[in-house]
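Notes for the one structure printed next.
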Number of protein chains: 2
Amino acid sequence: MTRTPAISVSHLTAHLGYWLRYVSNHVSHAFARKLEAQGVTVAEWALMRELFGVTSVSPSGVAEKLGLTRGAITKLADRLIEKGLATRTRNVKDARGQSLALTASARRLIPKLAVLADQNDAEFFSHLSLEDRRTMERVLKETVKVRGLKSTPVS
Amino acid sequence: MTRTPAISVSHLTAHLGYWLRYVSNHVSHAFARKLEAQGVTVAEWALMRELFGVTSVSPSGVAEKLGLTRGAITKLADRLIEKGLATRTRNVKDARGQSLALTASARRLIPKLAVLADQNDAEFFSHLSLEDRRTMERVLKETVKVRGLKSTPVS
DNA sequence: TATTGTTATACTCTATAACTATA
DNA sequence: TATAGTTATAGAGTATAACAATA
C-alpha cells in the first residue's frame, strides 16, 4: 500500500498565503469580467485608484505604492492614456520627472467602476458577518503596514 | 480649486477585493522568489499540492479544483513532467482519460517547499494574533465553500 | 554621476478555440 | 456525437536591463 507521507495534507493546506491567493485569484478574475465591459483591466483600475483623489503623481511614486517597477507603470499609463483616461505631463521644475493625472472622462468613469467593485465584493463577501469583514479588512491593512512597501523592486 | 470628487477616496479603498489582491500579490511574489531557488513556480507548487496525498488525479479534476482550464493544466503538467516531478499515464479503462501523479523526487521535494511556504507565511502573517489568523483562515475557506468552485471555466 | 522614464525583450500565467483520439 | 486532452494563439501582467534625457 501507499506509505503515509512524511507531511500531512492538512499541513499543506494550512498556509494562509495559499488561501489568500486562491480566493484573491477568483475575486480578481470575476472582477476582470465585470470591468471588461468598460474596457478596463484590473491593473488599470488599480492605477486609476492611485491617481484618484490627488492632483497628480509621479510614475515612480505610484510604482512604489503599487509595488510595481517603473517600467510596468509606463506601460499601464500608456494604456490609460491611449484610452483617454489619463494624461502625462513633463514637470516644469525638474524636466526629468513627470506627472500622471486622470482625465475628466476617467473621473466620470470611476463611480461606475466603483459600483462594479462593490458588486464584486458583495458577490464574494456578502455572507460575512460585519465582524469578520472588519477583521479581514483590518488584518489586510495591518499586514500592508507592518510589512511596509519596501518589497518594491528597485529597477 | 479642485472640486470634491463625487465619490470619496476612502470609499474607493474600502473594497475587500482590493486589499486581498494587494496583499496576495505581495505574498505570492515573495513566495515565488523563495521557490525560484528550487526551480519551481507558484502555479507549479499549487498543482503539486493537488497531486499530493492522492494516488492519482485526472487533469480535468485538478482543473476544476484549481479553477483553471484543462489547457492550463496541460501546460503546467508538462512543466512538472519536464522537471521530473510528475508523471502522466493514460488510463487503461478509458483511454481518453489520463492520470497525473507525483514522482518520488517530487515527494522528496515537497517538504522543502512546504518549509518555504511556512517561512513565507511567517514573514507576512507572524504578527497576527492566533484569533485573527484563525478568522482569516476560516473566512477564506468559507468563501471558497460558499462561492463554490462553479466559477470554473468550461472549455 | 545620479535620477526619472522609456523601450526592448522575455517569461509566467491563463484563456479561447480548434483539433485529435477515444468512446 | 460526447468527452478528455492537446495545441496554437493571444493577451495581461510583470520583470530585467539597456538606454535617453535631464540635473
Side-chain angles (χ1 to χ4, degrees), chain A residues 21-22 24-26 28-33 35-36 39-48 56-64 66-83 86-100 151-155, chain B residues 21-22 24-26 28-33 35-36 39-47 56-83 86-100 151-155:
Chain A
R21 176 170 173 275
Y22 190 99
S24 171
N25 280 174
H26 279 268
S28 278
H29 191 258
F31 188 37
R33 293 287 193 188
L35 286 179
E36 220 167 51
V40 176
T41 68
V42 177
E44 286 162 14
W45 161 247
L47 177 51
M48 288 176 75
S56 69
V57 206
S58 73
S60 326
V62 202
E64 196 179 347
L66 292 179
L68 302 179
T69 59
R70 283 177 289 150
I73 296 297
T74 295
K75 280 182 71 173
L76 270 180
D78 281 350
R79 292 218 306 264
L80 286 185
I81 291 165
E82 222 171 83
K83 294 174 184 176
T87 58
R88 177 150 47 195
T89 52
R90 193 166 282 286
N91 291 165
V92 181
K93 285 201 170 185
D94 185 337
R96 286 174 304 183
Q98 302 178 342
S99 291
L100 296 176
S151 69
T152 309
V154 192
S155 76
Chain B
R21 176 170 173 275
Y22 190 99
S24 172
N25 281 173
H26 279 268
S28 279
H29 191 256
F31 188 37
R33 293 287 194 187
L35 287 178
E36 222 166 49
V40 176
T41 68
V42 176
E44 286 162 14
W45 161 247
L47 176 51
S56 70
V57 206
S58 72
S60 324
V62 202
E64 196 178 347
K65 262 207 158 181
L66 292 180
L68 301 178
T69 59
R70 282 178 290 151
I73 296 299
T74 296
K75 283 183 72 173
L76 269 179
D78 282 349
R79 292 219 306 264
L80 287 184
I81 291 166
E82 221 171 83
K83 294 174 184 176
T87 58
R88 177 153 45 196
T89 52
R90 191 165 284 285
N91 291 165
V92 182
K93 286 201 168 183
D94 184 337
R96 287 174 302 183
Q98 303 179 344
S99 289
L100 296 175
S151 71
T152 311
V154 193
S155 78

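What you see is a predicted model, and the numbers here were worked out from it, not measured in a lab. Numbers restart at 1 for each chain; the letters A, B, ... are given by sequence-line order, proteins then strands.
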Does A/Lys83 use its side chain to pair, donor to acceptor, with the backbone of A/Val40 at less than 3.5 Å? no
When rounded to whole Å, the CH2 to P distance for the pair B/Trp45 and C/dC13 reads 15 Å
Separation of D/dA12 atom P from A/Leu80 atom CG, nearest Å, is 13 Å
Of the candidates C/dT14, C/dT6, D/dA21, the side chain of A/Arg88 sits closest to C/dT6
Among the nucleotides D/dA15, C/dA15, C/dT3, whichever has the atom closest to the side chain of A/Arg96 is C/dT3
Establish, with yes or no, whether the OP1 or OP2 oxygen of D/dA15 is under 4.0 angstrom from a side-chain nitrogen or oxygen of A/Thr69.
yes
A/Asn91 atom CG is separated from D/dT22 atom P, nearest whole Å, by 13 Å
Note: for B/Asn25 and B/Asp94 on DNA chain D, the residue whose nearest nucleotide lies more 5' is B/Asp94
To the nearest angstrom, the NZ-P distance between A/Lys75 and D/dT16 comes to 14 Å
Which of C/dA15, D/dG13, C/dT22 is nearest the side chain of A/Ala43? It is D/dG13
note: B/Ile73, atom CD1; D/dT7, atom P; distance rounded to Å ~ 15 Å
Contacts of A/Arg90 and B/Ser99 projected onto DNA chain D by closest heavy atom; the upstream (5') one is B/Ser99
Rounded to whole Å, the CD-C1' distance (B/Gln98 to D/dT3) equals 13 Å
Only one of B/Val57, B/Leu68, B/Val62 passes side chain to side chain contact (heavy atoms under 4.5 Å, CB included) with B/Leu47, and that residue is B/Val62
- Under 4.0 Å: is that the gap between some side-chain N or O of A/Thr74 and OP1 or OP2 of C/dT7? no
key: Expected output: side-chain B/Glu44 to main-chain B/Thr41 donor-acceptor under 3.5 Å   = yes
Looking only at C/dT6, D/dA15, D/dG5, the nucleotide nearest the A/Arg70 side chain is C/dT6
Looking only at C/dT7, D/dG5, C/dA15, the nucleotide nearest the A/Asp78 side chain is C/dT7
Of the listed D/dA4, C/dT14, C/dT22, the closest approach to the B/Ala95 side chain comes from C/dT22
To the nearest angstrom, the CZ-P distance between B/Arg33 and D/dA15 comes to 8 Å
Atom CG of B/Leu66 and atom C1' of C/dT14 are separated, to the nearest Å, by 13 Å
Given Watson-Crick and G-U pairs under 3.5 Å, DNA chain C in dot-bracket ([ ] crossing, | other strand) is |||||||||||||||||||||||
